[in-house]
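Notes follow once the structure below has been shown.
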Amino acid sequence: MDSTQISRFSLFITFFSCILAFSFGDNSSSTDAHWLLRIKSKLVDPAGVLESWSLRAHICSWNGLTCSHDEAFVIALNLSASTLSGSIPTELWNLVSLQTLDLSLNLITGSIPPEIGRLRNLRTLLLFANNLSGKIPTEIGLLKKLQVLRIGDNMLAAQIPRSIGNLTELRVLGLAYSQLNGSIPAEIGNLKNLVFLDLQHNSLSGFIPAEIHNCEELQNFAASNNMLDGEIPASIGKLKSLQILNLANNSLSGSIPPEISGLSNLQYLNLLGNRLNGEIPWELNHLVQLQKLDLSSNNLSGTINLLNIHLQNLQVVVFSNNALTGSIPSNFCLKNSNLQQLFLAQNKLSGGFPLGLLNCSSLQQLDLSNNNLEGELPPTIDKLENLTDLLLNNNSFNGSLPPEIGNMSNLENLYLFDNMITGSIPVEIGKLQSLSTIYLYDNQMSGSIPMELTNCASLTAIDFFGNHFSGSIPETIGKLKDLVLLQLRQNDLSGPIPPSLGYCKKLQQLALADNKLSGSLPATFRFLSQLSTITLYNNSFEGPLPDSLYSLRNLKIINFSHNKFSGTILPLTGSNSLTALDLTNNSFSGSIPSRLAISTNLGRLRLANNLLNGSIPSELGRLKELIFLDLSFNNLTGEVPSQLSTCQKLQHLLLNDNHFTGKMPSWLGSLQDLGELHLSSNNFQGQVPAELGNCSRLLKLSLHTNNLSGQIPREIGQLTSLNVLNLQRNNLSGSIPPTIQQCKKLYELRLSENWLSGPIPSEIGKLTELQVILDLSRNLLSGEIPSSLGDLLKLERLNLSFNRLGGELPSSLGQLTSLVTLNLSNNHLRGQLPSTFSGFPPTSFSGNDKLCGPPLTSCMDSAGHENNILSSTAVVCIIVAIVFTSTVICLVMIYIMLRMWCNMRKVLISNSSEGGGNGIEQIKREDQERWMYGDEKKRKGEYWRVMSSMALVPSQNHDDHISSSCIFQVKMDTKKLGI
């Protein structure tokens, strides 16, 4: 901008000021107008509340302005609730005559400028309910004439400045609903004219300053919902003018000071949600003006000693959630009592129903729930004729409901659940035309649900869960046009669902599960357009689902499991609001409808144990919110669609016991939230995907009874959260990976009936949480049983049977004292069994011939048996040796005798030739006598009798005879025979 333009701009300002001075005839008011117009230009005014701020009108007629009596000054600016935005204009501080500044309930941002201290005439400053931030400027302490300061409901932070104690004229201080921290400054005690102090809903901490008792005019002190601690100062009892004391939801401790009884004008006392202990001071009976008393959610103990005889103005008493004991005093209430609300829930009160309360005919709400009250409800309970809410739940009341309860015509809410009430519902209940809610669940009531109940036309909620009601659902249930909740689960109801139920058109929640209901669903269900939850499981409903269910577009939860429904599930696919669908254990057939994919909020889909066939629709991959998918025990075929990989929130995937084929999908490893994977009893082939190791949150992995082959991947060790691993009944081979030791949370490990080989890795001993079973049976495992298995102290079942394990049984296995079942049979184990195994049957060790010790034969007997076997062998050897030696000796003797006989034969033949036949006979006789009676005479002829059977018949051809008779063909040496 050049000098010429600057000169022209200055001339314009001067001219404009002159016009203002001429228009108003007063320098002060014209100056205020100048600044106000500047202020207008700085604020965003979408509602046009500042449109009247114009030179065409007198300043005192401008919207939101108040001038002095002589119209010389602007003394008040009130722009409250004008939807103004922007920051506080700096020009505002030039309006030094302002006594009232109200910018509350707008959208003003930024901080409170320290220049606010220039407005020394200010008496009222209202900046509450904006978006102001930053700290409270210390300069605010310069506003000595200030009487009202309300700057709460902003985002102001930091501490309350001590300079606030300089505002000695202050009567109202409102700093609530901000983010102030630090402690309450002791200088607050300087504000002797203070009437209203509101510090609630901040982050103030520390003690309540004792100096507060100097605020003698104080009538309202609210510091609730902060972090104040320490004890309530006894000096607070000096605030004689105090009418409201609210210190709720802090961390105040200690006992309630008896000095508080000095607050003779107190009408409202709220100390709930602190850490106060001890008994309720009897001195509180002196607070005769008290109307509301709330001491709930503390640690107060002892008995209730407040009496309505003193506190006749008391309207509300809240002592809930403490540790009060004893019974309610019989004179607690007077007949002319003003008591309207009495809340004593969650204490330790005992005894029967307090009959003294029946004098409180003015009582509208009575809550005695969660105590130890017992006995029957009095028939005179109808004296509480003005009662709208009766809460007696979670006690030990017994007996039946008194019929007189039907006389309590104003009753709206009846909570009697979780007691021991018996008997039936009295038909008089039908007279309660104002009854909106009746909760009788978790009692022992029986009988039928009276049809008269349907006369309670105002009923919105019925909950009879967990009783023994029988008979049918009343046919006239449709009369309850405002019914929103009908909970009849876990009773003995029978028969069909009455068609009139379809006329309860406001019904949102219907729970009829766990009964004996039967029949088909009524077609009138199509009128339940607001129904969001329907649970019918564990009944005997049958038949196909009505097509009318397709029109229920607000359904979120459907559970029809464990019934006899049949047909297709198509009628349940009409709601795109569906979050849970459970149809398990029915007889649904056909394929899974692809229309289920329109329920994009579906989180749980359970269709197990049906007769479904076909393949999994690829459209299910659109269910991005799916957490639980259970299609097990059906007749599904084909491969698992890869589109399911987009269901990244899946935590449970159960496809077991179907006929799925193909390779096990590797994309399963991308499901990072997967906690349970059950694909067993299918026809999957190929290897176990190594990518499963990426499912770090997996708790259960069951792939048993498939045709999986190859090795167990080492990546299985990355599943550090795994509890159950079941790979049995496959064709897996190779060794057990030692990385399995990293699965330290395993409590069930099944690898049986595979072709696993190699030794059992000693690292398995580090799986110290194994408890349910360790089953490695029917494999080809070899080597010794590692001693580290003795560290599995929690193990209950161990099966290593039908392997090729050898060596001695490690003594450390004796430490497995938790074992219930043990099978080591059909291996090559030897040695002594630990003594702790003596209780197992011998079949646990059969097929291991070299094992000994109870329950098998003792190792001593086994050793003796082995020695016996060695002695018998020795005996056999000796016998064989003897027989062999004897045979050799006999053969030698025969040989010698035959040789001698041949020689003798030759001699005889020779002599016969020389001396005739007589000589031969003589020699023969002599030879026989010599041999028969010589050295062998003692044998008595046994041996030779054998030989004598060989007749020596002389041949006429002597030469031929000699040749044929001499067996050994040995030449006889006559010289050696002495012939």
Side-chain angles (χ1 to χ4, degrees), residues 194-198 200 208 210 212-224 228 231-250 252-274 276-322 324 326 328-344 347 356-357 359-360 362-365:
L194 198 63
V195 175
F196 182 95
L197 176 58
D198 190 357
Q200 59 188 338
I208 299 173
I212 200 168
H213 77 273
N214 294 322
C215 305
E216 296 177 353
E217 302 296 323
L218 196 61
Q219 297 178 14
N220 187 331
F221 177 31
S224 62
L228 300 172
E231 297 185 355
I232 300 173
S235 59
I236 209 167
K238 298 179 180 180
L239 300 174
K240 303 296 184 182
S241 301
L242 200 63
Q243 298 176 13
I244 296 175
L245 177 58
N246 186 357
L247 302 177
N249 295 318
N250 281 284
L252 299 170
S253 57
S255 58
I256 300 173
E259 290 81 359
I260 212 167
S261 62
L263 305 176
S264 54
N265 290 302
L266 197 65
Q267 299 176 18
Y268 177 99
L269 175 58
N270 191 346
L271 302 178
L272 79 88
N274 282 283
L276 300 171
N277 53 40
E279 297 187 358
I280 300 173
W282 186 89
E283 288 81 358
L284 294 187
N285 285 300
H286 295 155
L287 302 176
V288 293
Q289 300 297 324
L290 199 62
Q291 297 177 15
K292 180 174 180 180
L293 175 60
D294 192 343
L295 306 179
S296 60
S297 298
N298 280 285
N299 299 316
L300 299 172
S301 57
T303 58
I304 298 173
N305 50 22
L306 296 183
L307 302 176
N308 191 235
I309 191 172
H310 302 292
L311 305 175
Q312 297 184 17
N313 291 308
L314 204 58
Q315 297 177 11
V316 178
V317 175
V318 187
F319 291 167
S320 302
N321 198 18
N322 279 287
L324 300 173
I328 300 171
S330 58
N331 56 350
F332 181 81
C333 253
L334 297 176
K335 291 186 177 180
N336 58 351
S337 167
N338 291 312
L339 192 63
Q340 297 177 9
Q341 297 173 317
L342 178 60
F343 300 104
L344 303 177
N347 279 284
L357 294 182
N359 295 324
C360 299
S362 59
L363 206 58
Q364 297 177 9
Q365 293 177 305

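All of these numbers come straight from a predicted model, not from anything done at the bench.
- Proximity of a side-chain donor or acceptor of Asn246 to a complementary backbone N or O of Ala248 within less than 3.5 Å is detected.
- Under the 3.5 Å distance criterion, with hydrogens and angles disregarded, no donor-acceptor pair is assigned to the side chains of Ser261 and Glu283.
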Verify side-chain contact (heavy atoms from CB on, under 4.5 Å) between Asn347 and Asn321, making sure each step is shown before the conclusion.
CA-CA 6 Å; Asn347 279 284; Asn321 198 18; over 6 Å; no

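- What you find for Pro233 and Ala210 is that their closest heavy atoms are CB-CA, 4.5 Å.
- Annotation: the span from Phe332 atom CZ to Cys360 atom SG amounts to 6.5 Å, rounded to 0.5 Å.
- Side-chain contact between Asn298 and Ile256: absent, with no pair of heavy atoms (C-beta onward) separated by less than 4.5 Å.
- For the atom pair OG (Ser241) and CG (Leu263), the distance works out to 10.0 Å, reported to the nearest 0.5 Å.
- Distance OG/Ser224 to CD/Gln200: 4.0 Å, rounded to 0.5 Å.
- Inspection of the Gln341 and Gln365 side chains reveals an N or O donor paired with an N or O acceptor under 3.5 Å.
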Please evaluate residues Leu197 and Leu218 with respect to the criterion side-chain contact (heavy atoms from CB on, under 4.5 Å), reporting the C-alpha separation (whole Å), side-chain torsions for both, the decisive distance (0.1 Å), and the verdict.
CA-CA 8 Å; Leu197 176 58; Leu218 196 61; 3.9 Å; yes

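- Val317 has its side chain out of reach of Phe343: every pair of non-hydrogen atoms, C-beta onward, lies at least 4.5 Å apart.
- Counting all heavy atoms, side chain and backbone alike, Leu295 lies closest to Asn322 at O-ND2, 3.1 Å.
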Working note: Ile260 + Leu269, criterion side-chain contact (heavy atoms from CB on, under 4.5 Å); need CA distance, chi angles, decisive distance, verdict.
CA-CA 10 Å; Ile260 212 167; Leu269 175 58; 4.0 Å; yes

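- Ser296 and Asp294 form a side-chain donor-acceptor contact under 3.5 Å, judged by distance and modelled atom types alone.
- Within the model, atoms CD1 of Ile236 and CG of Leu247 stand 5.5 Å from one another, a figure rounded to the nearest 0.5 Å.
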Go through the steps to decide whether Phe196 and Asp198 satisfy the test side-chain contact (heavy atoms from CB on, under 4.5 Å), and finish with yes or no.
CA-CA 6 Å; Phe196 182 95; Asp198 190 357; 3.4 Å; yes

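- Counting heavy atoms from C-beta outward, Leu245 and Leu266 have side chains that approach closer than 4.5 Å.
- For the atom pair Ile328 CD1 and Leu344 CG, the distance stands at 5.0 Å (nearest 0.5 Å).
- Applying side-chain contact (heavy atoms from CB on, under 4.5 Å) to Gln219 and the options Val195, Leu194, Asn265 leaves one that passes, Val195.
- The shortest heavy-atom contact between Leu311 and Leu284 is CD2-O, 3.6 Å.
- Checking Asn250, Ile232, Asn299 one by one against Asn274, the side-chain contact (heavy atoms from CB on, under 4.5 Å) holds for a single residue, Asn250.
- Between Leu306 and Asn285 the shortest heavy-atom distance is CA-OD1, 3.5 Å.
- In terms of heavy atoms, Pro281 sits closest to Pro258 at CB-CA, 4.5 Å.
- Counting heavy atoms from C-beta on, the side chains of Gln267 and Ile244 never come closer than 4.5 Å.
- Taking every heavy atom of both residues into account, Leu339 and Ser362 meet most closely at O-OG, 2.7 Å.
- A donor atom on one side chain and an acceptor atom on the other are not found under 3.5 Å apart for Gln340 and Asn338.
- A distance of 10.0 Å separates CD of Gln315 from CG of Leu290, quoted to the nearest 0.5 Å.
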